[in-house]
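Heads up, the thing below is written out as structure tokens.
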There are 2 protein chains.
Amino acid sequence: MITLTEENYIKTIYQLGRYGTLTVSTNSIAEVLETKASSVTDMVKKLAEKGYANYKRYQGVSLTSKGKKIAADVVRKHRLWEVFLVEKLNFTWDEVHDIAEQLEHIKSEKLINELDKLLDYPTHDPHGDPIPDKFGDIKKTDKILLFNLSESSTGVCVGVKDTSSSFLKYLDKHQIALGSKILVVSREDFDDSMVIEINGSVKMSISQTVANNLFVKEEANT
Amino acid sequence: MITLTEENYIKTIYQLGRYGTLTVSTNSIAEVLETKASSVTDMVKKLAEKGYANYKRYQGVSLTSKGKKIAADVVRKHRLWEVFLVEKLNFTWDEVHDIAEQLEHIKSEKLINELDKLLDYPTHDPHGDPIPDKFGDIKKTDKILLFNLSESSTGVCVGVKDTSSSFLKYLDKHQIALGSKILVVSREDFDDSMVIEINGSVKMSISQTVANNLFVKEEANT
DNA sequence: ATACAAATTTAGATTAATCTAAAAATAGTT
DNA sequence: AACTATTTTTAGATTAATCTAAATTTGTAT
């Protein structure tokens, strides 16, 4: 059996390592999980013993295919529950993370399959992140950061990097949502801010920080 | 903060003590939770220290009002989730217990209130057990065991005592469900079995065990 | 009232997950 | 190549929840 704590470590390794493709450092895991690096070392040894991770001292950790499957399942559950909370229980996108963090550990295959069906098989969560399928596979989209969109180009908002409540509320306030059409009107070299136009109407200036936390899908030039 | 384990002990004390009205023994708690009495003693001391229970060595445990509130909340969540699983996710009444056992520990007031609303404020779970309201109050029904129904009396099935999968499947097989009308046709002194008629059509013989695990609400004599 | 059986508690040990502080390895810079 | 700063690991301790085995209390029956 796998414990809740182990699941959280595995998920963190998965996400820090770009869905399990990279090796990650114990320190970075410790930072995300708000523990100490020494605790991470201990746990990572255990995960390796149990066959969920590859680990060589001082060389970082990666997931085995067994570990990746577990991680993808947890992420799948997390994101499906987020969709449920927003679609069925009237939550807003900035309220769902902490609850999904709890719900992601519920064990029942039927439950998650039925939930998937109830929600009509969504492919992305309320923040635009992709939902792994039953087999742990993820559809990759060619999203880029708004910051990397050039002047007079247009993109559709497809996700956020920072999912903090404060950032999401900022976006709400300025009517930026998934699906919004964003035109880069001009860029300011001085402080890397930019002026954008949202859905062809509202014009506003955004900071580099905002531009670096918003994913868009670039639209073909007109 | 209250741990998951503490919550489970509190819930058990609540249920063994008839919704917190009686004092219960450490042994009975140990049996339900499948632990040893010595573990229970330790935990019960801790619960008393934290203000959730009243405890005097060798004299059993009861809940404080603070403990009762926590227990009622957990039971409320458990039963609401059971309704959700049956009503929205196509589970049958014999499949929901173990999953609800996990879901009952999810912490979010908004979540449970919204769930309550989504389900249209149900008063009973799929086994006929009452759902405590937001304040922890429970509507008591005057249900009796089918075993205590006299010959030629009629009752409506309103709940089960044994919620095991095997018993529930037995009921399904014989078309006995919540709401079924049951007439006691005759009783057999020899082995305490009885012949019943279900919904005015099917006649069958049931054992004492079955009659002692089915709750009915007696109907006024015709 | 005593003696015995059953229930309960205590004492001491174990496991999982964590921590601090010290030691070891790695990586970067001159 | 040597020094230093950073990262990582080890060693030893702590906490929550549990266990076994022994000791204590309670209740019952003669």
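Reminder, nothing fancy here: chain letters follow the sequence lines and each chain counts from 1.
Note: CD (A:E6) to P (C:dA16) measures 9 Å, nearest angstrom. For the pair A:M43 CE and D:dT9 P, the computed distance is 14 Å after rounding to whole Å. Atom NZ of A:K36 and atom C1' of D:dG12 are 17 Å apart (whole Å). For the pair B:M1 CE and D:dT15 P, the interatomic distance rounds to 19 Å; values are reported in whole Å. Rounding to whole angstrom units, CG of residue B:N8 and P of D:dA16 are separated by 18 Å. Between the C1' atom of C:dT10 and the CG atom of B:D42 lies a distance of 9 Å, rounded to the nearest Å. When rounded to the nearest whole Å, the span between CG of A:L33 and C1' of C:dC19 equals 15 Å. When the C1' atom of C:dA6 is taken as reference, atom CD of B:E31 falls 14 Å away, rounded to whole Å.
Pairs of residues two or more places apart, or lying in two chains, never qualify as side-chain hydrogen bond (donor to acceptor under 3.5 Å, both in side chains) while including a residue from residues 130-146 of chain B. For residues 79-92 of chain B, the pairs satisfying side-chain hydrogen bond (donor to acceptor under 3.5 Å, both in side chains) are A:E114-B:N90, B:Y19-B:R79, B:H78-B:E82, B:E82-B:H127, B:T92-B:D94, B:T92-B:E95, with sequence neighbours left out.
Aromatic rings from B:Y14 and B:Y52 are positioned such that their centres are separated by 6.0 Å or more.
A cation-pi contact, defined as under 6.0 Å to the ring centre and within 45° of the axis, links A:K110 to B:F91.
At the heavy-atom level, A:S39 lies under 4.0 Å from base atoms of the strands shown.
Checking the phosphate oxygens (OP1, OP2) of C:dT10, a side-chain nitrogen or oxygen of B:K45 falls inside 4.0 Å. Side-chain N/O atoms of A:T41 include none lying less than 4.0 angstrom from OP1 or OP2 on D:dT8. The side chain of A:Y9 contributes an N or O atom lying less than 4.0 Å from OP1 or OP2 of C:dT18.
Between the side chain of B:S38 and the base of D:dT20, a donor-acceptor pair under 3.5 Å is found.
Between A:E31 and A:K36, no side-chain nitrogen of the basic residue sits less than 4.0 Å from a carboxylate oxygen of the acidic one, so the salt-bridge criterion is not met.
Here the closest non-hydrogen pair linking B:L168 and B:T163 is CD1-O, 3.4 Å.
Residues of residues 53-61 of chain A having a heavy atom closer than 4.0 Å to DNA chain D, listed by number: A:Y55, A:R57, A:Y58.
For the pairing with A:D73, the side chain to side chain donor-acceptor pair (under 3.5 Å) check across A:R76, A:K69, A:K77 returns one residue only, A:K69.
For B:S25, counting side-chain heavy atoms from C-beta on, the closest listed nucleotide (D:dC19, D:dT9, C:dT8) is C:dT8. With C:dA7, D:dT8, C:dC19 as the candidates, the nucleotide lying closest to the side chain of B:N27 is C:dA7.
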